[in-house]
Amino acid sequence: MSRPAIASPDQIRSTILSMLAEAHDSSPPTRERFRRIVSVRKLKDRLGGGDPATLGRTINAIESEIISAGLADMALPDIPADISDLMRQLWQAAVSSQLDDVVKLKLEAQQSIETAQETVAEANMRVDMLREELDAIRALLSMRDQEVAQARAELVAAHASVASMQVDLKSTQAALHESREQSAAAAQIHQESLVAAQQRYEGLSKQLLQETALQRQQFQQEQSRLSSQLKFAERRISTLEEAISHAEADAASERDKRQAAVGEATALKAVNASQRSQLEEIMRSTLANAATTRHRRSPAPAEPPGSKQPAPRRKGG
């Protein structure tokens, strides 16, 4: 079994309007008469199927549109039947031809209302934002007013400070003018001193050059003299070195002679000592003999020992 096609919203709307037009009711449909003419079951049978929930939502929407459009409040007065039928037919034709336009206008009006509501909501949000900005601006202005008041107070203090600074500036300018005059006088004195110092420097420079030239000449002369003395000293040193060499040779010869003389003197001393001992022995023996002979010849008092002096010694002997 094939599944029935799903009707579009436009098809459902056209079917409901056809069912209302075919009802041939002399009074415009109210909510009760609308529900008697149009129901989910009747609409489903008319369409050959459909979702009951979708059909019910569509019926509720069209009912609200028709009732809110004022079509339910249109009632025909008591008139003859033929005229009533004719007017009913005209009304049904008008309903069938203009209901779509009315619904479209209603939808457009609803969209306009929604757009207006959104615009109003945005406007309200903007108003709230502007109010917040206004509060912030007011707070900022309050702070600015405080800052301006503080700035004015500071400006008054600044004016007073400027006045004081102007007085100080005048005194400073006067002191600066005086200082400039003193500086100019000092500069003139310095310039004069510089000129005098330069002249003195030039004179001293000339004198120094002359003295330097004279000292250079004296130095050259002294250098020449010292060179000649150095040459003479070198010759003298050479002569002295030769004399020292000869003297050293003579001293070595004299040293040898002296050593020989010392050897001879030592030998002579040894001989002399031997001879002196022999002489003393001879003298002792001679004295002893003489004493013995004198004792024999005549008795005489004996001389104290050591009364006779020995004979003096000869130097070198």
Side-chain angles (χ1 to χ4, degrees), residues 6-17 20 28-35 38 40 43 50-75 91 94-181 183:
I6 299 175
S8 63
D10 294 336
Q11 292 177 353
I12 297 172
R13 183 183 296 276
S14 300
T15 304
I16 293 173
L17 294 177
L20 291 173
T30 61
R31 293 184 182 276
E32 292 77 7
R33 289 195 295 272
F34 183 85
R35 288 296 178 178
V38 180
V40 175
L43 183 58
D51 185 13
T54 303
L55 297 177
R57 287 194 298 270
T58 306
I59 290 171
N60 293 332
I62 294 174
E63 180 185 1
S64 298
E65 292 174 359
I66 292 174
I67 299 303
S68 62
L71 298 178
D73 296 333
M74 293 178 61
W91 179 80
V95 169
S96 61
S97 62
Q98 296 182 359
L99 186 59
D100 291 337
D101 296 336
V102 172
V103 172
K104 291 179 181 180
L105 291 174
K106 180 62 178 177
L107 291 175
E108 293 177 357
Q110 187 68 28
Q111 292 178 357
S112 299
I113 290 170
E114 293 177 356
T115 304
Q117 289 177 353
E118 292 178 357
T119 305
V120 170
E122 293 179 358
N124 290 330
M125 292 177 63
R126 290 181 181 177
V127 168
D128 293 336
M129 292 175 63
L130 291 174
R131 285 178 180 174
E132 293 178 358
E133 292 179 358
L134 181 60
D135 293 337
I137 291 173
R138 285 177 179 173
L140 182 61
L141 288 176
S142 178
M143 293 176 61
R144 292 287 177 83
D145 291 337
Q146 294 177 0
E147 292 178 356
V148 168
Q150 184 178 359
R152 287 178 178 174
E154 292 177 355
L155 182 62
V156 172
H159 283 306
S161 178
V162 168
S164 177
M165 290 174 66
Q166 287 179 351
V167 174
D168 294 338
L169 179 62
K170 289 181 180 178
S171 61
T172 304
Q173 287 178 349
L176 180 62
H177 181 69
E178 183 178 359
S179 177
R180 285 179 178 175
E181 291 180 352
S183 298

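- Note that CG of Asp145 is 9.5 Å distant from CG of Leu140, once rounded to the nearest 0.5 Å.
- When the side chain to side chain donor-acceptor pair (under 3.5 Å) test is applied to Glu118, no partner is found at least two apart in sequence or on another chain.
- Not counting sequence neighbours, the partners of Arg180 by the side-chain contact (heavy atoms from CB on, under 4.5 Å) test are Leu176.
- The distance from atom OG of Ser183 to atom CD of Glu178, rounded to the nearest 0.5 Å, is 10.5 Å.
- The side chain to side chain donor-acceptor pair (under 3.5 Å) search around Arg144 returns none, not counting sequence neighbours.
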Result block: side-chain N/O donor-acceptor pairs under 3.5 angstrom for residues 52-60, not counting sequence neighbours:
residue, atom, partner, partner atom, Å
Thr54, OG1, Asp51, OD2, 3.1
Thr54, OG1, Arg57, NH2, 3.4
Thr58, OG1, Thr54, O, 2.8
Asn60, OD1, Arg35, NH2, 2.5
Asn60, ND2, Gly56, O, 3.1

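- Counting only N and O atoms by type, the side chains of Glu181 and His177 include a donor and acceptor under 3.5 Å apart.
- Under the rule for a side chain to side chain donor-acceptor pair (under 3.5 Å), Asp135 has no partner lying at least two apart in sequence or in another chain.
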For residues 152-172, run the donor-acceptor check on the side chains, cut-off 3.5 Å, and write out each pair with its distance to 0.1 Å, sequence neighbours left out.
residue, atom, partner, partner atom, Å
Glu154, OE2, Gln150, NE2, 3.4
Ser171, OG, Val167, O, 3.4
Ser171, OG, Asp168, O, 2.6
Thr172, OG1, Asp168, O, 2.6

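- Ser179 places no side-chain N or O within 3.5 Å of a backbone atom of Ala175 that could act as its donor or acceptor partner.
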